[in-house]
Each structure stands twice: as structure tokens, then as C-alpha cells.
Amino acid sequence: MGFLSTIFGILGFAIGLPLGLIVGFYLFVYSQPKDVEELVIKPLHELDTSALQEILPEIPLWIKSPDYDRVDWLNKFILDMWPYLDKAICSNIRSTAEPMFAEYIGKYKIEAIEFEKLSLGTLPLTVHGMKVYETNEKELVMEPVIKWAGNPNIILSVRVLSLHIKIQLVDLQIFMAPRIKLKPLVPTFPCFTNIIVSLMEKPHVDFGMKFLGGDIMSIPGLYRFVQETIKKQIANMYLWPQTLEIPILDASTVAVKKPVGILHVKVVRAMKLLKMDFLGASDPYVKLKLSADRLPAKKTSIIRKNLNPEWNENFKLIVKDPQTQILHLQVYDWDKVGAHDRLGMQLVPLNLLKPHEKKEFVLDLMKHTDISDHQDKKKRGQLVVELTFVPFKEESGIFNGLPNGYGKVESGVDKVSDDDALSGAGLLSVIVQGAEDVEGERHNNPYALVIFRGEKKKTKMLRKTRDPLWNEEFQFMLDEPPLHDKIYIAVMSKRTSISFRSKESLGHVQINLNDVVHNGRINEKYHLIDSKNGLIHVEIRWTTV
């Protein structure tokens, strides 16, 4: 039987091969090809439900949701920059990881840990849509949807007991939706001081890990454990409201310092002042001003013909930095004609004061601050002042922007306790940010005029614009909360050339300060009265002492 099977096999091969070639040749030559149907491309609204469900996961967010913008230009930018971003990011990873690796050397028989290869590969991440929030705060808020299916080349080499063990990361995929805040915005390049990042949902991270030539992620149960562990750790660190803050600029060099307290100054008296007038005694008064303060100096009353005057007058000065600011005190002799003669001056550093503690100073007046000048040893008298530094109460809470992480915000409010807000003295700060769609009949050179309790202050004038940005702050020291007061803000335009009708009103608004006192802060855009579409953006703070 074995011999016959061999004979039949040879005969079958000898007959079947030529027969198969003949039949194949016949079909190839004489068979008619079927017509290939052309691919039909239909718009989305013509597809049925099943077809839409098949392609739905691949539709980008800028089509699904009108809140997301298309950012092809950004993906092109990332593509061109990717080789340089690769080197920069990998360098940062090395500098961050090496100190962590150093902690394990010597433990568990580990002799060395290092990156043998570290590259993010040639495939850049892509942004599949961008949502931008508009707020009234000095910030830029973005929510991109990022997907990265990369081909990184990351090999970690571990030497244990003279054995080299290599661990390689492969097939990395990351899908995430972070919220990125650039804040605060400042007038120094790159125009923001911090990048604040938080994740709006748990990211999807998928990867393989080769160890000793095999993918250890294929071990049953290990893949799901690693996935859940990574998501949990990342969520604990960066899932909203947790944030990662990356400093870009030194805030102390660019940020405008906010007031932190009030300096109460009582100018008591002066003794044995110089006699500057040839006939009669001097007519002294005192000017006082804090360093690094752009506000005009405050003055006492003038006491006629007295070299030992007593004033007993109280003043309040706004303090922004009690560690560095200095109180300048200058005593002048008032003259009806010509410049006033300076009788003497003295400086008091605020770091000599303790909060809420009244301190009396008896100051020897000097000609100037150059203590090394011994040419003028003339005694100029003394000045007695009482100083008390009262810091502001800290704000108890802040609401800064997007409720529940989403939505457009028209105002921000800082909460302070009602007991603190409704009692005692404080500082009313009015920040005129800018205006929109202000239009005059004859000219558009807008400036803002702020009127409070008869005191008038105004911003700089900006020429030929309907959307001015002033960002100017005005401060009012008050002995009691302005519960029943209103502040009047008008947008005016002034002709730059000489004219009988040089000024023109572009709209105004009256703001009730009751809400400011109770809330501590408001940040609103108000519709201007007597203006077609004009808006003005104002931030008002009430800070108690």
C-alpha cells in the first residue's frame, strides 16, 4: 500500500499541475472583469443612524460641539516644533528623574539607573479642538483636547548585581482634556506669570512595556491594574480642582503690589525750628509721603509765625510693603512769594513698626539724607510724630471664575465676613479696566472720570479708539463702610485740538456700593447709560482694617 500511495501521488501531481495551469490561463484570458462601483461620498446629514454610529468616535470635537474651535494652525506649529520640543521635554525629564533614581542606588542591590535612550519619537501630539473661556479676570483660560499616539524610544537601564536589565516603553497612547490658565496677565513679555494646568477628566493612558524581550503588559490582570493605578495617581495630583502651577515670570518683578494696610500718622508738634525769615518767625507746615507711592503728598495746616508749632493732625497713608517702604517727613516754611524754604527733613522706615502698636518718634531734623556730610552741623529742631500700622484683614474666601469648571463668567466675587465688612475703616479701590463700543458724535478720544463723595479722579486719555483699555486704579480712604454710597463713573471724550465743544459724554453709570461692602469685591461689565451699545468694565474692592 505504501508503494501504491507513492505512485498515485506522483501521477496526481503530474496530471493536476498542467490541468490547473490550463484552467487558470483560460479563466484569465476569456473571463470578463466585473465593473467596480465608484465610492459614493455623502455629507453627514444624509447618512443613516448605523453609518453615523460607526464614524462617530472619529468625528473631531469642533464638529460635535460648537464651543470647540478648529486649530489646524496649532497642529502645524506643533509638527514643525516637535523635534525641538522633543529635546526640551526629554532634557526636563532627565533633570527631574535623575534625583529620583539616585535615591534608589544602593538599595535592593541596585548599582545604577539611567536612561539608555530617551526620545519622544517622530509623531507629535495633536489638538482635536480648543475651547476658550471669556472671563472678567486678568487671565486666559483654554481647554484643548489632546491626543497622542506616539512612537517614543524610551529605554531604562538598571544594573543589579552586575546584571544589565533593560525596560522599554512602547506603543504609547495618551488622550486627555486639560484646562490651561495663563494668569495673571502682566505688561511684561510673555505677558503672563504662571501656567496653571488641571485635568477636567481622568486621562486615558495606554502603553506596552518590554522586559527581558517580552511585553509584561500581556500578563493577565497586570494591564488593568497598571491602567487604574496610573489614572488614580494622576487624578490625585492634577484632576480638577487640583492644579499644577508652572512659574514663568517672577511675580515680584512684574505684578503691581496691592495695599496691605494703613499707616496712621499723627503730626504732633515741632520744636526749635530754624528762623528762615529775616523779619519775624517762620510759618511752618509738614509734608508727608510714603516711598514708592505715586499719590500726592499730604500736608498739615500752616501755623503762622511760630518756631514751636503744634498741629495734632491725623493722616492715613496706604501701605503696600511695610518691610521696604519709608515715611518721608519734610518741614517747610511757607512763603507768600517764591518757593517755600525747607526747614528740615527726616525718614522713618516702616519696618520699625509692629502691627497695631502705636509708637512715638522724636526726630532730629536734617538738611538732607546724606549723613556723611558734616559741613552743615546747624541744629534744625525736632519733629514729634505718632505712627501706627494697621494691616488689612485677610479675605476669607475667593470665587475665581468658572462655576463647576464650566461656563462663561460675567463677574467674580471675593467673600469677606459681614461683621468685618460692616464695621470700621477701610480702603475702597476702584479699578477701571476698560470700555467697549463707546462712540462719540464728534470724536473718540475716551477717558474715564470717577467721582466719589465729591472727589474727582480720571484715567489717561486714549486717542481714536472705541474700545479703550485703561487698567488704572483709584483709592479712597474711608472711616466707615460706604453702605449707602454710590460711585459715579463716566466715559468722556476730549477733542485734542482747540474747540468750544471740546468735551463729549460717551455714557455713564452709577454703582451702588452696598454689594461691594457685603461681598468684598465685585468685577462686572456695566451697560453705559446714554450709550447705544457701550460697556464699561470695573472692579471695586472694599478692604477693612
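Side-chain contact between Val268 and Val385: absent, with no pair of heavy atoms (C-beta onward) separated by less than 4.5 Å. Side-chain contact check for Val491 versus Ile536: some heavy-atom pair is nearer than 4.5 Å. Side-chain contact between Val538 and Glu524: absent, with no pair of heavy atoms (C-beta onward) separated by less than 4.5 Å. By the 4.5 Å heavy-atom criterion applied to side chains, Leu387 and His264 are not counted as neighbours. By the 4.5 Å heavy-atom criterion applied to side chains, Leu365 and Leu273 are counted as neighbours. With contacts defined as side-chain heavy-atom distances shorter than 4.5 Å, the pair Pro144/Pro178 qualifies.
Listed by chain and residue number, Arg521, Arg541 satisfy the salt bridge (charged side-chain N to carboxylate O under 4.0 Å, His left out) test with Glu539 (two or more places apart in sequence, or in another chain). The ring pair (Phe, Tyr, Trp, His ring centres under 6.0 Å) test applied to Phe474 returns no partner, not counting sequence neighbours. The side-chain contact (heavy atoms from CB on, under 4.5 Å) test applied to Ile93 returns Ile89, Phe115, Leu118, not counting sequence neighbours. In terms of the side-chain contact (heavy atoms from CB on, under 4.5 Å) criterion, residue partners of Ser531 (sequence neighbours excluded) are, by chain and number, Leu528. Residues passing the side-chain hydrogen bond (donor to acceptor under 3.5 Å, both in side chains) test with Glu436 are Lys525, sequence neighbours excluded. Every residue two or more places apart in sequence or in another chain that forms a salt bridge (charged side-chain N to carboxylate O under 4.0 Å, His left out) with Arg466 is listed here: Glu439. Under the side-chain contact (heavy atoms from CB on, under 4.5 Å) criterion, Ser95 pairs with Asn92, sequence neighbours left out. Evaluation of the salt bridge (charged side-chain N to carboxylate O under 4.0 Å, His left out) rule for Lys464 yields no partner, not counting sequence neighbours. Checked against side-chain contact (heavy atoms from CB on, under 4.5 Å), Ile529 has the following partners two or more places apart in sequence or in another chain: His508.
Listed by first then second residue, pairs satisfying ring pair (Phe, Tyr, Trp, His ring centres under 6.0 Å) with a partner in residues 296-332 read Tyr285-Tyr332, not counting sequence neighbours. Residue pairs meeting the salt bridge (charged side-chain N to carboxylate O under 4.0 Å, His left out) criterion with at least one partner in residues 481-493, sequence neighbours excluded, are Arg453-Asp485. For residues 345-363, no pair satisfies side chain to side chain donor-acceptor pair (under 3.5 Å), with sequence neighbours left out.
Looking at Thr459, its side chain never comes within 3.5 Å of a backbone N or O of Tyr447 through a donor-acceptor pair. Proximity of a side-chain donor or acceptor of Glu504 to a complementary backbone N or O of Met492 within less than 3.5 Å is not detected. The backbone N or O of Pro284 sits nowhere less than 3.5 Å from a side-chain atom of Asn306 that would complete a donor-acceptor pair. Distance alone, capped at 3.5 Å, places no donor-acceptor pair between the Asn194 side chain and the Glu245 backbone. When atom types are taken as modelled, the side chain of Asp333 and the backbone of Asp283 share a donor-acceptor pair closer than 3.5 angstrom. Glu143 contributes no side-chain N or O that, together with a main-chain N or O of Ala177, makes up a donor-acceptor pair within less than 3.5 Å. Asn308 places no side-chain N or O within donor-acceptor distance of the main-chain N or O of Met271, the cut-off being under 3.5 Å. A side-chain donor-acceptor contact under 3.5 Å links Lys457 to the backbone of Gln475.
Taking the charged nitrogens against the carboxylate oxygens, Glu139 and Lys183 do have a contact shorter than 4.0 Å, which makes a salt bridge.
With Ser493 as the partner, the side chain to side chain donor-acceptor pair (under 3.5 Å) test is satisfied by one option alone out of His443, Arg442, Lys503: His443. Residue Leu513 forms a side chain to side chain contact (heavy atoms under 4.5 Å, CB included) with just one option from Leu478, Val430, Leu483, Leu428, and that option is Leu428.
When only modelled atom types and interatomic distance are considered, Asn523 and His537 share a side-chain donor-acceptor pair under 3.5 Å.
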Note to self: Could you go through Lys289 and Lys298, starting from their C-alpha distance and side-chain angles, then the distance that decides it, and tell me whether this counts as side-chain contact (heavy atoms from CB on, under 4.5 Å)?
What the structure shows: CA-CA 7 Å; Lys289 181 180 175 65; Lys298 297 183 180 293; over 6 Å; no

